[in-house]
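Throughout, a chain's letter reflects where its sequence line sits, starting with A, and its residues are numbered from 1.
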Protein chains: 2
Amino acid sequence: MKLLMIDDDTGLCELLSEYLTAQGYQVECVHDGEQGLKQALSQEYALILLDVMLPKLDGFEVLKQLRQTKLTPVIMLTAKGEDFDRIFGLELGADDYIPKPFNHRELLARVKAITRRIEHITSLGNSTANKLSVNNIVINLAAREAYVDEHPLSLTGTEYEVLALLVKSAGEVVSKEQISEQVLGRRLASFDRSIDMHVSNIRKKIAEFNITERIKTMRGTGYVFIQGE
Amino acid sequence: MKLLMIDDDTGLCELLSEYLTAQGYQVECVHDGEQGLKQALSQEYALILLDVMLPKLDGFEVLKQLRQTKLTPVIMLTAKGEDFDRIFGLELGADDYIPKPFNHRELLARVKAITRRIEHITSLGNSTANKLSVNNIVINLAAREAYVDEHPLSLTGTEYEVLALLVKSAGEVVSKEQISEQVLGRRLASFDRSIDMHVSNIRKKIAEFNITERIKTMRGTGYVFIQGE
DNA sequence: GTGAACCTTTACACAACCTTTACATTGCTT
DNA sequence: AAGCAATGTAAAGGTTGTGTAAAGGTTCAC
């Protein structure tokens, strides 16, 4: 999960970045308002940590402009503890507010409170659940992309189809006849080696990330995508 | 929108209930932990305001038990201002925390921050939002204009439609058939190269601002607008 | 009716892709 | 262990889809 930190205190940024990275988040830092706004608009972050006192563009201004196009969750950080700031930020569309100096654990708890909720809701809304994930291999059906953990595999269309079919049927043998008919749209002819070639190419591409073999050959029967270790 | 308030201070309940009702919420109050938990489990509330100090079952216990089955958003209220309580509540799955005594306006702002987010996510896609922004490309749906950061793109009508469709489906493959039908209003004929030309022209115009390619070709399938880095 | 803006078609080059071929290897059967 | 069929895979065609310049149509405003 990717977070953006906008704070001019580079020391704090580094410290928090390290801490949150250890907690499994991916953190990017920028140190002024302009840069921050640009970055926030250009990508999809799970959450933005936004300092109020910033050079070039203050935190409120960044938030205001961000909210014109995006609804990325924002937690505001500030040294001032006054009600006014707090309410102002929340009314502008911030999701939470943490007064500095703060406890790392509290920050983490608040970050989690928000990301947890988002994760939950988006996983509900996507009833068209379009991701398959088995044994480190992830298939994004909508984007027609496949990943080994986070690393994208550059598969051709047919390779993608073959892999997706195997992963969909993980743990079961899929015959070459099935693959040929479902992926290539034709009956498997006696000396047709296409499927073998496609599987070979897929294996080669997966092997670049040196993980153990996932596609097992069932001699005379077909192929199986291996489930579990 | 329906809220549940669990607090043994009946005076405060009444006061807040009145205030929030005036703000367009529907508020139900109960005054002890057992009742509160029962109520929280029996219905779908948009948000629960939960006091920590409660007779019969304290706030943390109510939250803990609630979280075993439900993910209703919770804001905790408490007289104690210590870090420990705050963190403990958040880690148990609270969404926010307000120390008593609090400002009405702040409570409202926090309630809104959470309900707004939920409302937004559950009504993804359509809604009144008239700007789209993905990966440095901004689409102003109302004005039918497209930008690279702040720089306007002078697209033709069809080019705008194609780009808007791709950005709306950012991260998903959009087939030429879909583009043809939705933008040109006709079935895609076998040797129709119009879509290719429109995409080519859009790319050329975006490339003037020398940013990396945003429209990826999925050979044999369609095009994808790239999300994130 | 002329021009401008736009969409579509045509044509060609090229790159990506799928299949075939050929030979090496594996694993089952006897 | 020999024989054989199934499989692995590098390399070489052959095919198809795509990128794009340029030409040809169409629409619309004036």
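- Atom-to-atom, CG of A/Asp192 to P of C/dA22 comes out at 16 Å; the value is rounded to the nearest Å.
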Where protein sits on nucleotides 24-30 of chain D, one letter per nucleotide: B base, S sugar-phosphate only, - none, heavy atoms under 4.0 Å: -------
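- Pairing analysis of DNA chain D (Watson-Crick: purine N1 to pyrimidine N3 plus N6-O4 or O6-N4; G-U wobble: N1-O2 and O6-N3; both under 3.5 Å) yields stems of 3 or more pairs at C:1-30 with D:1-30.
- Annotation: salt bridge (charged side-chain N to carboxylate O under 4.0 Å, His left out) contacts of A/Arg219 (sequence neighbours excluded): none.
- Contact check, B/Thr156 against C/dA5: no side-chain N or O comes under 4.0 Å of OP1 or OP2.
- A heavy atom closer than 4.0 Å to some atom of DNA chain C occurs in A/Leu184, A/Arg186, these being the qualifying members of residues 179-189 of chain A.
- With salt bridges taken as basic N to acidic carboxylate O contacts below 4.0 Å, none links B/Lys176 and B/Asp192.
- In this structure, the CD atom of A/Glu161 is 17 Å from the C1' atom of C/dT19, given to the nearest Å.
- A side-chain donor from one of A/Gln39 and A/Tyr45 sits under 3.5 Å from a side-chain acceptor of the other.
- Annotation: side chain to side chain donor-acceptor pair (under 3.5 Å) contacts of A/Glu18 (sequence neighbours excluded): none.
- Taking the side chain to side chain donor-acceptor pair (under 3.5 Å) definition, one finds that B/Gln182 meets it with nothing, sequence neighbours left out.
- Residues B/Lys70 and B/Gln43 share a closest heavy-atom pair of NZ-O, 3.2 Å.
- Every residue meeting the salt bridge (charged side-chain N to carboxylate O under 4.0 Å, His left out) condition with B/Asp96, not counting sequence neighbours, appears here in chain and number order: A/Arg110, B/Arg110.
- Under the side chain to side chain contact (heavy atoms under 4.5 Å, CB included) test applied with A/Asp8, the options A/Asp51, A/Val30, A/Asp32 reduce to a single match, A/Asp51.
- Rounded to whole Å, the distance from NZ on A/Lys216 to P on C/dG27 is 12 Å.
- For B/Tyr160 and C/dC6, the OH to C1' distance is 18 Å, given to the nearest whole Å.
- A search for side chain to side chain donor-acceptor pair (under 3.5 Å) contacts involving A/Glu161 returns A/Arg144, not counting sequence neighbours.
- Of the residues B/Val174, B/Val167, B/Leu165, B/Val173, the one that meets the side chain to side chain contact (heavy atoms under 4.5 Å, CB included) test with B/Phe225 is B/Val167.
- B/Lys205 has its NZ atom 15 Å from the C1' atom of D/dT20, to the nearest Å.
- Atom pair B/Ile215:CD1 and D/dT20:P shows a separation of 11 Å (rounding to whole Å applied).
- Listed by chain and residue number, nothing satisfies the side chain to side chain donor-acceptor pair (under 3.5 Å) test with A/Asp58 (two or more places apart in sequence, or in another chain).
- For the OP1/OP2 pair of C/dT8 and a distance below 4.0 Å, the side-chain nitrogens and oxygens of B/His198 include at least one atom meeting the criterion.
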Using a 4.0 Å heavy-atom cut-off to protein, can you give one letter per nucleotide of nucleotides 2-10 of chain D, 5' to 3': B if the base is in contact, S if only the sugar-phosphate is, - if neither? ---BBBBBB
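- Put simply, CD1 on B/Ile195 is 12 Å from P on D/dT18, counting in whole angstrom units.
- For residues 197-209 of chain B, every residue pair satisfying the side chain to side chain donor-acceptor pair (under 3.5 Å) rule, not counting sequence neighbours, is listed here: B/Glu159-B/Lys205, B/Arg203-B/Thr217.
- Contact check on A/Glu177 versus A/Arg186 returns no salt bridge, with no Lys/Arg side-chain nitrogen under 4.0 Å from an Asp/Glu carboxylate oxygen.
- Legend: residues meeting ring-ring contact (aromatic ring centres under 6.0 Å, His included) with B/Tyr147, ordered by chain and number and at least two apart, are absent.
- For B/Phe191 and D/dG17, the CZ to P distance is 8 Å, given to the nearest whole Å.
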